[in-house]
Amino acid sequence: MDSQSQNTSLQRLQNVEKRIVRVLELAGGVMDEMANPSGPRKELINNHCSEFMQLIKDIQVTLREEIKSACEYRPFEKCDYVPRISNEICCKKLEYVMSQFNNMKQTIEGYHAAASDHMALD
């Protein structure tokens with residue numbers, strides 16, 4: 001994640017923080033209005049609730065995008081450790097297989113030598 005996208009991400013998260021503060025203010029305003037001795041004003045409650053719900057949706061969308069963006073970030077994507085180790089393991093396996101083939105070749109040559117010795121005796 002480059003510095004510019006980190007700054008942009010931080011700015012979005014700061015905006016989320018401001019929205020959360022506003023959500024809490026709205027919730028507090030509704031609570032105050034509900035406690036009003038003369039009764040709550042329906043229009044004010046409706047406006048606060050509508051703004052509250054919209055802010056909650058905006059917060060969810062922004063946080064989802066930030067989480068997705070963070071999950072896509074791969075700090076070690078240019079690291080070649082895993083492919084290098086995999087190649088070394090493959091080379092060791094290949095060396096082992098080659099040694100087994102050499103053993104098989106020696107065994108076959110031993111059988112051929114024994115067979116030719118046996119035929120020479122007959």
Side-chain angles (χ1 to χ4, degrees):
M1 192 178 280
D2 63 0
S3 153
Q4 184 177 1
S5 62
Q6 281 180 331
N7 286 339
T8 305
S9 180
L10 287 175
Q11 289 168 346
R12 283 192 295 262
L13 291 174
Q14 285 173 340
N15 287 336
V16 165
E17 184 179 12
K18 290 175 187 173
R19 288 181 186 144
I20 291 171
V21 169
R22 179 65 184 146
V23 161
L24 294 174
E25 289 170 350
L26 289 168
V30 168
M31 298 291 284
D32 286 343
E33 191 61 29
M34 296 299 281
N36 189 348
S38 61
R41 293 172 285 183
K42 185 178 178 181
E43 187 177 322
L44 182 80
I45 298 281
N46 285 340
N47 289 340
H48 277 23
C49 287
S50 294
E51 187 178 350
F52 177 92
M53 291 307 295
Q54 186 57 53
L55 286 169
I56 292 294
K57 288 177 187 175
D58 293 346
I59 290 168
Q60 286 177 330
V61 167
T62 303
L63 289 178
R64 238 184 248 118
E65 289 171 357
E66 287 304 310
I67 290 168
K68 182 180 176 190
S69 170
C71 290
E72 291 171 353
Y73 174 57
R74 304 282 188 259
F76 301 110
E77 66 185 8
K78 291 187 170 61
C79 177
D80 69 341
Y81 177 78
V82 173
R84 194 166 28 101
I85 292 301
S86 294
N87 285 340
E88 287 181 30
I89 290 170
C90 286
C91 286
K92 294 293 181 188
K93 287 179 179 178
L94 187 58
E95 287 172 9
Y96 176 75
V97 168
M98 287 173 54
S99 72
Q100 293 301 311
F101 280 143
N102 283 334
N103 290 341
M104 289 171 58
K105 180 181 174 188
Q106 289 172 357
T107 302
I108 292 169
E109 288 172 352
Y111 283 129
H112 285 296
S116 62
D117 287 344
H118 183 63
M119 288 184 170
L121 293 175
D122 287 338

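Heavy-atom basis, side chains included; hydrogens, waters and symmetry copies ignored.
Residues L55 and I45 are members of separate hydrophobic clusters, defined by side-chain heavy-atom contacts under 4.5 angstrom among Ile, Leu, Val, Met, Phe, Trp and Tyr. By the criterion of side-chain heavy atoms lying less than 4.5 angstrom apart, applied directly or through intervening Ile, Leu, Val, Met, Phe, Trp or Tyr residues, V61 is not grouped with I56; the two fall into different hydrophobic clusters. Placement of M31 and L26 in two distinct hydrophobic clusters is found when ILVMFWY residues are connected by side-chain heavy-atom separations under 4.5 Å, directly or transitively.
The distance from the CG atom of L94 to the CG atom of N87 is 11.5 Å, given to the nearest 0.5 Å. With values rounded to the nearest 0.5 angstrom, C90 atom SG is found 11.5 Å from E95 atom CD. Atom CG of residue L63 and atom CD1 of residue I20 lie 6.5 Å apart, to the nearest 0.5 angstrom. Expressed to the nearest 0.5 Å, how far CZ of R19 lies from CZ of R12 amounts to 11.0 Å. K93 NZ to C91 SG: the interatomic distance, rounded to the nearest 0.5 Å, is 11.5 Å. In this structure, CG on N103 lies 11.0 Å from CD1 on I108, to the nearest 0.5 angstrom.
In this structure the side chain of V16 never reaches within 4.5 angstrom of the side chain of E66, judged on heavy atoms. The shortest side-chain heavy-atom distance between I89 and I85 falls under the 4.5 Å cut-off. Contact check for T62 versus N15: no side-chain heavy atoms found under the 4.5 Å cut-off.
No hydrogens or angles considered: a donor-acceptor pair under 3.5 Å links the side chains of D58 and Q54.
For R41 against E33, the heavy-atom pair with the smallest separation is N-OE2, 2.8 Å.
A distance-only check finds no donor-acceptor pair linking the side chain of S69 to the backbone of E65 [under 3.5 Å].
Remark: Q60 engages no residue in a side chain to side chain donor-acceptor pair (under 3.5 Å) (not counting sequence neighbours).
More than 12 heavy atoms of other residues, nucleotides or ligands shown are found within 6.0 angstrom of CD on E25. Within a 6.0 Å sphere centred on CD of E43, other residues, nucleotides and ligands contribute 12 heavy atoms or fewer.
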